[in-house]
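Here's the structure, in structure tokens; my notes come after.
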Amino acid sequence: TLPSDSTEPVTFTTDGSYFYYGQVPFPGWDSLSNIYRVGTGMNGTVAGEIEPIPNLSIPINSSLFFRDGFLYTCTGSLDNLLQINPLTGDTTRVSIPDSLLWTTGSSTQWRGCYFYYDGQYLYNLGIGTENHPNKFVVRTFDPSANWSKVSDDIILNGSTIPMVMSFIVVDGYLIMYENYINLYLRRYKLSDGVFEEEWPYRIPSKQFYTFTYDYSNNFIYFNRFSPVSGSYVP
């Protein structure tokens with residue numbers, strides 16, 4: 001049973017037991033979002049059972065990620081992350097000394113900060129930044145070392161593509177999903193930023209919007225959402 005409010009699953013992540021989803025404001029909007037927790041059916045959870053994180057309504061810009069019992073997101077400032085207790089809704093700020101990468105918004109790309117955490121490092125993908133407006137730029141942070149930057153930014157070769165709302169990092173590769181026209185997955189070698197290949201991931205009648213990787217259970221999850229269809233089933 002879906003919640004009665006209008007929170008749309010624009011961004012989502014998993015901790016291996018639950019999915020967590022929230023809504024990123026549409027381009028040009030400023031709005032607050034609830035965050036919902038949904039059971040995956042693993043580790044004693046009930047598949048599909050949904051509940052809100054209590055006492056929480058925040059701006060999300062743009063990705064959620066989970067680490068060591070807490071959810072994190074960017075709420076607009078590039079020098080910190082918001083840390084969220086998923087059981088109580090209590091929040092605190094985590095300082096980012098080397099600054100987050102901000103994706104500049106356009107007609108075919110939502111602005112904000114895009115993240116993936118692989119259990120060791122936090123990867124921050126800029127999909128067209130102020131200094132590199134037509135490039136994918138990767139910045140890597142080590143949360144266990146005071147969220148410091150690990151190395152120089154990596155500029156992926158080639159140009160950006162429209163509507164990349166999510167990416168993952170697995171075994172030294174960065175894989176992103178484009179949901180604008182072709183519904184392609186695209187893979188880069190993270191060590192040098194070289195593009196390797198892309199391929200369509202299209203299933204008829206399914207409007208996949210974002211994806212994430214559950215590294216603890218070795219599952220990839222796609223989230224169905226359409227911001228323009230009017231009605232859909234998440």
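Residues: numbered from 1 along the sequence shown.
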[X] [atom1] to [Y] [atom2] distance, which is reported to the nearest 0.5 Å:
X	Y	atom1	atom2	value
I175	E198	CD1	CD	13.0 Å
I127	T104	CD1	OG1	10.5 Å
S77	N61	OG	CG	9.5 Å
L100	C113	CG	SG	4.5 Å
N85	I53	CG	CD1	8.5 Å
T92	F70	OG1	CZ	9.0 Å

Should D142 and S148 be marked as a side-chain hydrogen bond (donor to acceptor under 3.5 Å, both in side chains) after you check the CA-CA gap, both sets of side-chain angles, and the distance that decides it?
-> CA-CA 6 Å; D142 186 351; S148 59; 5.7 Å; no
Kindly check if the number of other-residue, nucleotide or ligand heavy atoms within 6.0 Å of CG (N134) is above 12?
->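 Yes, because the 6.0 Å sphere around CG of N134 holds more than 12 heavy atoms from other groups.
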Any side-chain heavy atom of [X] sitting closer than 4.5 Å to one from [Y]?
X	Y	result
T7	S33	yes
N55	D90	no
I60	T11	yes
E49	E51	no
K149	R139	yes

For Y173, is the NZ or CZ atom of R187 found under 6.0 angstrom from the centre of its six-membered ring and inside 45 degrees of the ring axis?
->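 Satisfied, under 6.0 Å and within 45°.
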Could R37 and Y20 be counted as a cation-pi pair, given that NZ or CZ must be under 6.0 Å from the ring centre and within 45° of the axis?
->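 Geometry flag: not set, cation outside 6.0 Å or 45°.
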N/O donor-acceptor pair under 3.5 Å between [X] side chain and [Y] backbone:
X	Y	answer
K135	N157	no
T103	G128	no
Y116	Y213	yes
S166	F211	yes
T129	P133	no

Apply side-chain contact (heavy atoms from CB on, under 4.5 Å) to M165 and Q109, showing your working.
-> CA-CA 8 Å; M165 295 296 293; Q109 181 62 54; 4.2 Å; yes
Partners passing salt bridge (charged side-chain N to carboxylate O under 4.0 Å, His left out) against D192 (at least two apart in sequence or in another chain) =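 For D192 the salt bridge (charged side-chain N to carboxylate O under 4.0 Å, His left out) partners, ignoring immediate neighbours, are K189.
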Please determine whether residues [X] and [Y] belong to a single hydrophobic cluster, defined as Ile, Leu, Val, Met, Phe, Trp and Tyr linked transitively by side-chain heavy-atom distances below 4.5 Å.
X	Y	value
Y188	Y184	no
I168	V150	yes
L87	F66	no

So, for M42 and Y221, which heavy atoms are closest and what is the spacing to 0.1 Å?
->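 Answer, listing the atom of M42 first, then Y221: CE-OH, 3.3 Å.
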Name the one of Y121, Y123, F65 that satisfies ring-ring contact (aromatic ring centres under 6.0 Å, His included) with F115?
-> F65
Tell me every residue that passes ring pair (Phe, Tyr, Trp, His ring centres under 6.0 Å) with [X], counting only those two or more places apart in sequence or in another chain.
X	value
Y117	none
F219	none
F167	none

Ring pair (Phe, Tyr, Trp, His ring centres under 6.0 Å) partners of residues 131-158, not counting sequence neighbours, each pair once =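 For residues 131-158: Y72-W147.
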Please determine, by modelled atom types, if S95 and N80 share a side-chain donor-acceptor pair under 3.5 angstrom.
-> no
Geometric class of the F222/Y201 ring pair [parallel <30°, tilted 30-60°, perpendicular >60°] =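 Because their plane-to-plane angle is under 30°, the rings of Y201 and F222 count as parallel.
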With under 30° as parallel and over 60° as perpendicular, where do the rings of F12 and F19 fit, or are they tilted in between?
->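 The rings of F12 and F19 sit tilted, inter-plane angle from 30° to 60°.
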Intermediate values then yes/no, side-chain contact (heavy atoms from CB on, under 4.5 Å), V138 and L174 = CA-CA 9 Å; V138 182; L174 185 147; 3.8 Å; yes
Criterion side-chain hydrogen bond (donor to acceptor under 3.5 Å, both in side chains) on D214 and S216, from CA distance to verdict | CA-CA 6 Å; D214 172 8; S216 59; 2.7 Å; yes
In the hydrophobic clustering that connects Ile, Leu, Val, Met, Phe, Trp and Tyr at side-chain heavy-atom distances below 4.5 Å, which members other than I155 occupy its cluster, ordered by chain and number?
->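 Cluster partners of I155: L101, V137.
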